[in-house]
Amino acid sequence: MQGVVGVAQYNCSKCPGYCCSYPLIQLDKRDVERLAKHFSLSFAKARKKFTVVKWGYKYLMRRKADQHFGRICQFFDTEKRCCTVYKARPSVCRYFPGTTRCGYYDFLAFERRSQDDPDFIATTNGM
């Protein structure tokens, strides 16, 4: 991971996708181009299909309903709890969280130990 010094103290494959539920997942032109290529679409079609212009941002990821977090990235498989475009994922996803620790993962691991449930999905909004 770029910007990470040391060994990561989290495992994304054991996470239910909290970062994918952020209300603002900002993309850049290169991210849209990567998704367009992945789906064999033109840039214009990919931009229209995968992004929205909102809050002053040119490219924000479209989202869909999610039973645990309310809304989540449109490319997140809500049954398997994983990314469906991992090789074509946006830059922000590639470099998140940018440190050796992920605050949500620490919270999730604590809650799973406390609940004695390795599959427990901890939410932060009282859902």
Side-chain angles (χ1 to χ4, degrees):
M1 282 173 118
Q2 181 179 334
V4 174
V5 178
V7 178
Q9 302 291 310
Y10 56 89
N11 182 343
C12 293
S13 69
K14 293 183 178 182
C15 178
Y18 180 71
C19 61
C20 303
S21 74
Y22 287 3
L24 192 149
I25 301 173
Q26 185 180 358
L27 310 180
D28 59 26
K29 184 177 181 187
R30 178 65 189 111
D31 294 326
V32 180
E33 289 169 343
R34 188 182 305 112
L35 288 167
K37 182 178 179 181
H38 181 78
F39 287 102
S40 300
L41 297 172
S42 69
F43 177 84
K45 285 188 179 188
R47 181 179 183 184
K48 183 176 182 181
K49 187 172 185 172
F50 305 138
T51 71
V52 294
V53 177
K54 197 172 185 181
W55 301 318
Y57 294 96
K58 204 171 183 180
Y59 312 107
L60 287 183
M61 183 67 76
R62 288 188 181 274
R63 300 166 73 225
K64 65 182 180 182
D66 180 61
Q67 68 175 337
H68 298 289
F69 300 117
R71 310 262 317 141
I72 203 158
C73 171
Q74 68 180 331
F75 296 118
F76 194 78
D77 183 320
T78 57
E79 296 297 317
K80 295 178 183 176
R81 306 306 299 175
C82 64
C83 180
T84 63
V85 295
Y86 191 78
K87 289 186 179 187
R89 71 195 184 282
S91 299
V92 68
C93 304
R94 292 168 186 265
Y95 304 123
F96 184 86
T99 65
T100 58
R101 299 202 72 94
C102 171
Y104 176 76
Y105 189 78
D106 289 343
F107 169 64
L108 176 67
F110 171 80
E111 286 296 325
R112 285 180 173 173
R113 284 190 309 271
S114 296
Q115 302 292 332
D116 196 24
D117 181 353
D119 299 317
F120 182 77
I121 296 180
T123 60
T124 59
N125 62 359
M127 289 180 67

For Phe43, look at atom CZ and say whether over 12 heavy atoms of other residues, nucleotides or ligands are found less than 6.0 Å away. yes

Distance-only, no hydrogens or angles: does the Arg81 side chain make a donor-acceptor pair with backbone N or O of Gly17 under 3.5 Å? no

Are Leu60 and Tyr22 connected into the same hydrophobic cluster when the rule is that any two of I, L, V, M, F, W, Y join if their side-chain heavy atoms are below 4.5 Å apart? no

Would you call Pro118 and Lys14 a side-chain contact if the rule is heavy atoms closer than 4.5 Å? no

Rounded to the nearest 0.5 Å, how far apart are CG of Leu27 and NZ of Lys58? 12.5 Å

Taking C-beta and beyond as the side chain, do Thr78 and Lys64 meet within less than 4.5 Å on heavy atoms? yes

Using side-chain heavy atoms (C-beta onward) and a distance below 4.5 Å, is Arg113 in contact with Asp116? no

To the closest 0.5 Å, what do you measure between CZ (Arg47) and CG (Asp31)? 13.0 Å

Roughly how far apart are Tyr59 OH and Leu35 CG, rounded to 0.5 Å? 12.0 Å

Is it possible for you to say whether Val52 and Met61 belong to one hydrophobic cluster, with membership spreading through side-chain heavy-atom contacts below 4.5 Å? no

Could you tell me whether a side-chain N or O of Gln74 sits under 3.5 Å from a main-chain N or O of Ile72, the two making a donor and an acceptor? no

Following the transitive rule for hydrophobic clusters with a side-chain heavy-atom cut-off under 4.5 Å over Ile, Leu, Val, Met, Phe, Trp and Tyr, establish whether Val32 and Leu41 coincide in one cluster. yes

Go through Ser21 and Asp66 one step at a time and tell me if the side-chain contact (heavy atoms from CB on, under 4.5 Å) criterion holds. CA-CA 8 Å; Ser21 74; Asp66 180 61; 5.7 Å; no

Report the C-alpha distance between Ser91 and Arg34 in whole Å, list the side-chain angles of each, state the deciding distance to 0.1 Å, and finish with yes or no for side-chain contact (heavy atoms from CB on, under 4.5 Å). CA-CA 10 Å; Ser91 299; Arg34 188 182 305 112; 3.8 Å; yes

Could you check whether any side-chain heavy atom of Pro16 comes within less than 4.5 Å of a side-chain heavy atom of Phe69, counting everything from C-beta outward? yes

Is it the case that the side chain of Arg94 and the backbone of Lys87 share a donor-acceptor pair, with hydrogens and angles ignored and the cut-off at 3.5 Å? yes

Is atom NZ of Lys29 surrounded by more than 12 heavy atoms (other residues, nucleotides or ligands) closer than 6.0 Å? no

Any donor-acceptor N/O pair, Lys45 side chain to Ala36 backbone, under 3.5 Å: no

Distance-only check: which donor-acceptor pairs under 3.5 Å involve side-chain atoms of residues 102-110, not counting sequence neighbours?
from, atom 1, to, atom 2, distance (Å)
Tyr104, OH, Ala122, O, 2.6
Asp106, OD1, Arg101, NH2, 3.0
Asp106, OD2, Arg101, NE, 3.1
Asp106, OD2, Arg101, NH2, 3.4

Out of curiosity, Phe96 CZ to Cys19 SG, how far, rounded to the nearest 0.5 Å? 5.0 Å

Whether the side chain of Asp77 engages the backbone of Cys82 through a donor-acceptor N/O pair (distance < 3.5 Å, no angle test) should be reported. no

State whether the side chain of Arg112 and the backbone N or O of Asp117 hold a donor-acceptor pair below 3.5 Å, judged by distance alone. no

With rounding to the nearest 0.5 Å, note down the distance linking CD in Gln115 to CZ in Phe120. 4.5 Å

Could you pull out all residues at least two apart from Phe39 that satisfy ring-ring contact (aromatic ring centres under 6.0 Å, His included)? Phe50, Phe75

Locate the shortest heavy-atom distance separating Cys20 from Phe76; write the atom from each residue and the value. SG-CD1, 3.8 Å

Can you tell me how far apart CD (Glu111) and OG1 (Thr123) are? Round to the nearest 0.5 Å. 9.0 Å

